[in-house]
J.: 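Sending over a structure as structure tokens; questions will come in a sec.
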Amino acid sequence: MLKKSAKIQNDFLTPAIVLAAKDKNFECTKTLVPQIVNTPFGEKLQISGILEGKEHTYTTNNTTKDSLIDTWGEDETMWKGKKVLLATAKTMTGDGM
């Protein structure tokens, strides 16, 4: 059976927001149950959460997705209330660092 995509009702967690909130917790909510979505960069994990009192949608990279699964398990319905400590790291891309 076909399922409609969840509608995003909140802002996306952008790099600028993460930089401003470095070392603060992003707490997972159930507004958008963690799910794999198709993006221009391939299939990515999207989760929703609260940061500084405001809800955001977070699209992870594959390394973060794998780390979250290793830490919290494969049952995404159990992720509500789990916290991610936000930080940034420089990585090599096609354009440099």
J.: Is the closest side-chain heavy-atom distance between Thr29 and Glu55 below 4.5 Å?
T.: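 Thr29 vs Glu55: side chains touch.
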J.: Show me, pair by pair, the donor-acceptor contacts under 3.5 angstrom made by side chains of residues 69-85, not counting sequence neighbours?
T.:
from: Thr71; atom 1: OG1; to: Ser67; atom 2: O; distance (Å): 2.9
from: Asp75; atom 1: OD1; to: Thr77; atom 2: N; distance (Å): 3.2
from: Asp75; atom 1: OD1; to: Thr77; atom 2: OG1; distance (Å): 2.5
from: Asp75; atom 1: OD2; to: Thr77; atom 2: OG1; distance (Å): 3.4
from: Trp79; atom 1: NE1; to: Gly73; atom 2: O; distance (Å): 3.2

J.: Under a 3.5 Å threshold, yes or no: a donor from one side chain and an acceptor from the other, between Gln46 and Thr59?
T.: yes
J.: Kindly compute the distance separating CG (Leu86) from CG (Asp23), expressed to the nearest 0.5 Å.
T.: 9.0 Å
J.: Lys65 pairs by side chain to side chain contact (heavy atoms under 4.5 Å, CB included) with which of Asn62, Leu68, Thr63?
T.: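 The option that passes is Asn62.
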J.: How far does CG of Asp66 sit from CG of Asn61, to the nearest 0.5 angstrom?
T.: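 Between atom CG of Asp66 and atom CG of Asn61 there are 9.0 Å.
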J.: Begin from the C-alpha positions of His56 and Asp11 and carry the test side-chain contact (heavy atoms from CB on, under 4.5 Å) through to its verdict.
T.: CA-CA 5 Å; His56 297 276; Asp11 295 333; 3.9 Å; yes
J.: Could you tell me the separation between the CG atom of Leu51 and the CD atom of Glu27, rounded to the nearest 0.5 Å?
T.: 11.0 Å
J.: Let me know which of Ile50, Leu13, Val18 forms a side chain to side chain contact (heavy atoms under 4.5 Å, CB included) with Phe26.
T.: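 When Ile50, Leu13, Val18 are each tested with Phe26, the side chain to side chain contact (heavy atoms under 4.5 Å, CB included) holds only for Leu13.
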